[in-house]
Amino acid sequence: MLNYLPKGESEPGFTSKIVRWAMVFDNEGDFLEALDLADPNDKKRKGRLFEKCPDLSQPELVGGNETRCHFLIETTSVVTLLIKKDEEEKNIKKSKEKHSFFVKYLHEVSSIFPFFEKVAHTISDQDSINKINERFHDLKAKPSDSITLALKNEFGIPFPVEMDVWHNCWREFRSSLEKESKKNGMISILSGQSVEPLTSNPTIKGLSSVGGLATGDRLISFDKDAFCSYGLQQGSNCAVSEAEAFQYRNSLNGLIQNHGQRIGEAFVVPWFKTHIPEEENPFQILIDPGENEEQIAQKKAKELLQAIHTGKRTDLSNNVYYALTLSGAAGRVMVRDWMEGSFESLVQNIERWFEDFSITRNDGSSLESDPKFMRIVFGLSTESQELPAPHIALMVSVY
């Protein structure tokens, strides 16, 4: 699974994040410009991916006696106090409290990077904040957009979030947030090792279009008595360590974001024991061959199968595929189906898919174009309702 992750994605307290904006400062901490990090060719205008960013879990954010926020990457409402005119007073107060924490932590880590101290002074000054917000307002930035810091110097515009100078300080800070507790010595369901179970598991992102929440959904959660046994509380009912939880969270997030295929009201998330090029991914060949490429897709499947049978691709013949069918439901991740098997059998089934749908034209001159997998799936649903997730799981598993 980790073959599909950005570098450094398995450590608690760190995760990959997509950031829309950057505030660019000079060496003295003076604001220079607002930088849009979105690719102009990307219609969704998401932003730039940073692979290893500081990250706090929800319990870490809300625990203790002070309001906390994330370091280096936060929303514009927190970092620059870009707030809607009609925003509720309680939300304005919360943004200001988080802003204060953001500035405070920049001061605390300035000994390792003096640039942080200078930026902290700038974004603490009301006139400077007004100037910054005016620029972002002109660019139509939203209070909920993510933002980070950038330094313009003779080397270009480096981003502090991509440097490792702050990593150890961040680890120490998170360690200081941990409450002292006795080791329960419970057996992890993932590793079989004795671990201290994580109380609250992290959320999985990317399922909001199939019933999930925009804030994320939990694969493991115990918010009701019916989900608990033997008097155990929360995560103790399904013990995994903090490191293990963040490893599966980051792995699944990476798979959904980079390889998930939405079909109706579910996501099919495939991966392989040994990484393969995307153009040789059988799921891609079947589900999304591209416009007018059904014949090319069938040819690809035949070529892959022939290469395996002739011994030219022993790497493929020994490979194994795995696939989850997922949807969201009221903050929970629903695992609709699980598949695994040999790469060879997967390609064989896809080739049979095309063969089974072969049909001769009315004039008998040749075969009709093969119908796409997605066309068959959506043919089973009405215009007003997408095919339910359980039906999607069945369709994918039977081919």
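Bear in mind that the values here come from a model prediction, so they are computed numbers and not experimental data.
For N318, there are no side chain to side chain donor-acceptor pair (under 3.5 Å) partners at least two apart in sequence or on another chain. Evaluation of the side chain to side chain donor-acceptor pair (under 3.5 Å) rule for H121 yields E117 as partners, not counting sequence neighbours. Residues passing the side chain to side chain contact (heavy atoms under 4.5 Å, CB included) test with S188 are L190, S191, V195, V240, E244, sequence neighbours excluded. T215 is linked by a side chain to side chain contact (heavy atoms under 4.5 Å, CB included) to L213, counting only residues two or more places apart in sequence or in another chain. Residues that satisfy the side chain to side chain donor-acceptor pair (under 3.5 Å) test with D39, not counting sequence neighbours, are absent from this structure. Considering only residues two or more places apart in sequence or on other chains, E172 meets the side chain to side chain contact (heavy atoms under 4.5 Å, CB included) condition with none of them. The ring pair (Phe, Tyr, Trp, His ring centres under 6.0 Å) check on F113 picks up F115, F116, with sequence neighbours excluded. For E162, the salt bridge (charged side-chain N to carboxylate O under 4.0 Å, His left out) test picks out R48, with sequence neighbours left out. H309 meets the side chain to side chain contact (heavy atoms under 4.5 Å, CB included) test with L305, E344, Q348; sequence neighbours excluded. Checked against side chain to side chain donor-acceptor pair (under 3.5 Å), N201 has the following partners two or more places apart in sequence or in another chain: Y248. Residues that satisfy the salt bridge (charged side-chain N to carboxylate O under 4.0 Å, His left out) test with R171, not counting sequence neighbours, are E11.
No more than 12 heavy atoms of other residues, nucleotides or ligands sit less than 6.0 Å from atom NZ of K94. Counted within 6.0 Å of CG on D138, heavy atoms from surrounding residues, nucleotides or ligands total more than 12; the atom is thus considered enclosed. Enclosure of atom CD in E340 by more than 12 non-hydrogen atoms of other residues, nucleotides or ligands within 6.0 angstrom is indicated. Atom NE2 of H137 is surrounded by 12 or fewer heavy atoms from other residues, nucleotides or ligands within 6.0 Å.
With values rounded to the nearest 0.5 angstrom, S175 atom OG is found 12.0 Å from N168 atom CG. Note that the CG atom of D217 and the CG atom of L207 stand 5.5 Å from one another [nearest 0.5 Å]. Note that the SG atom of C238 and the CD1 atom of I189 stand 3.0 Å from one another [nearest 0.5 Å].
Checked by atom type and distance alone, the side chain of S146 pairs as donor or acceptor with a backbone atom of I18 at under 3.5 Å. The main-chain N or O of S209 is found under 3.5 Å from a side-chain atom of R262 such that the two form a donor-acceptor pair. Formation of a donor-acceptor pair under 3.5 Å by the D164 side chain with backbone atoms of H167 is not found in this model. N237 contributes a side-chain N or O that, together with a main-chain N or O of Q234, makes up a donor-acceptor pair within less than 3.5 Å. S221 places no side-chain N or O within 3.5 Å of a backbone atom of R218 that could act as its donor or acceptor partner. Checking side-chain atoms of S345 against main-chain N and O of G341 turns up no donor-acceptor pair under 3.5 Å. Within the 3.5 Å criterion, the main-chain N or O of A34 finds no donor-acceptor partner in the side chain of W21. At distances below 3.5 Å, at least one donor-acceptor pair connects side-chain atoms of N250 with backbone N or O atoms of F246. No donor-acceptor distance shorter than 3.5 angstrom exists from the side chain of S236 to the backbone of L232, with no hydrogens or angles considered.
With a 6.0 Å cutoff to the six-membered ring centre and a 45° limit on the axis angle, K17 does not count as a cation-pi contact of F50.
A heavy-atom distance below 4.5 Å is found between the side chains of E28 and K118. With contacts defined as side-chain heavy-atom distances shorter than 4.5 Å, the pair V269/L326 qualifies. Between E87 and I92, some side-chain heavy-atom pair lies under the 4.5 Å cut-off. Using a 4.5 Å heavy-atom threshold, the side chains of K152 and F25 count as separate. For the pair F159/L151, no side-chain contact is recorded, criterion being any heavy-atom separation below 4.5 Å from C-beta on. You'll find the side chain of V335 reaches within 4.5 Å of the side chain of L219, heavy atoms only. Looking at heavy atoms from C-beta onward, W271 lies in side-chain contact with Y322 at the 4.5 angstrom threshold. No side-chain heavy atom of S241 sits less than 4.5 Å from a side-chain heavy atom of E196.
Taking the six-membered ring where the residue is Trp, F173 and F101 present tilted rings, their angle falling between 30° and 60°.
Here the closest non-hydrogen pair linking P270 and H259 is CD-O, 3.4 Å. The two residues S327 and V210 have their closest heavy-atom pair at CB-O, 3.6 Å. In terms of heavy atoms, I276 sits closest to P282 at CD1-CD, 4.1 Å. Across every non-hydrogen atom of F343 and E280, the tightest pair is CZ-O, 3.7 Å.
For E242 and R174, the salt-bridge test passes: some basic side-chain N is under 4.0 Å from an acidic carboxylate O. Using a cutoff of 4.0 Å between basic side-chain nitrogens and carboxylate oxygens, D145 and K140 are not scored as salt-bridged. Look at E265 and R336 and you find no salt bridge, because none of the NZ, NE, NH1 or NH2 atoms lies under 4.0 Å from a carboxylate O.
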Show the atom names and distances, to 0.1 Å, of all donor-acceptor pairs under 3.5 Å that link a side chain in residues 66-81 to residues at least two apart or in another chain.
{"residue": "E66", "atom": "OE1", "partner": "K104", "partner atom": "NZ", "Å": "3.2"}
{"residue": "T67", "atom": "OG1", "partner": "E97", "partner atom": "OE1", "Å": "3.0"}
{"residue": "R68", "atom": "NH1", "partner": "E60", "partner atom": "O", "Å": "2.7"}
{"residue": "R68", "atom": "NH1", "partner": "G63", "partner atom": "O", "Å": "2.7"}
{"residue": "R68", "atom": "NH2", "partner": "G63", "partner atom": "O", "Å": "3.4"}
{"residue": "H70", "atom": "ND1", "partner": "L56", "partner atom": "N", "Å": "3.2"}
{"residue": "E74", "atom": "OE2", "partner": "H70", "partner atom": "N", "Å": "3.2"}
{"residue": "T75", "atom": "OG1", "partner": "S77", "partner atom": "OG", "Å": "2.9"}
{"residue": "T75", "atom": "OG1", "partner": "V78", "partner atom": "N", "Å": "3.4"}
{"residue": "T76", "atom": "OG1", "partner": "K142", "partner atom": "O", "Å": "2.7"}
{"residue": "T76", "atom": "OG1", "partner": "P143", "partner atom": "O", "Å": "3.1"}
{"residue": "S77", "atom": "OG", "partner": "P143", "partner atom": "O", "Å": "3.4"}
{"residue": "T80", "atom": "OG1", "partner": "T76", "partner atom": "O", "Å": "2.9"}
{"residue": "T80", "atom": "OG1", "partner": "L82", "partner atom": "N", "Å": "3.4"}
{"residue": "T80", "atom": "OG1", "partner": "N133", "partner atom": "OD1", "Å": "2.7"}

Kindly determine whether I123 and S128 satisfy side-chain contact (heavy atoms from CB on, under 4.5 Å), including the steps that lead there.
CA-CA 6 Å; I123 63 175; S128 297; over 6 Å; no

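Between the side chains of N253 and Q257, not a single donor N or O lies within less than 3.5 Å of an accepting N or O.
Checked against the 6.0 Å centroid criterion, the rings of Y105 and W166 do not qualify as a close aromatic pair.
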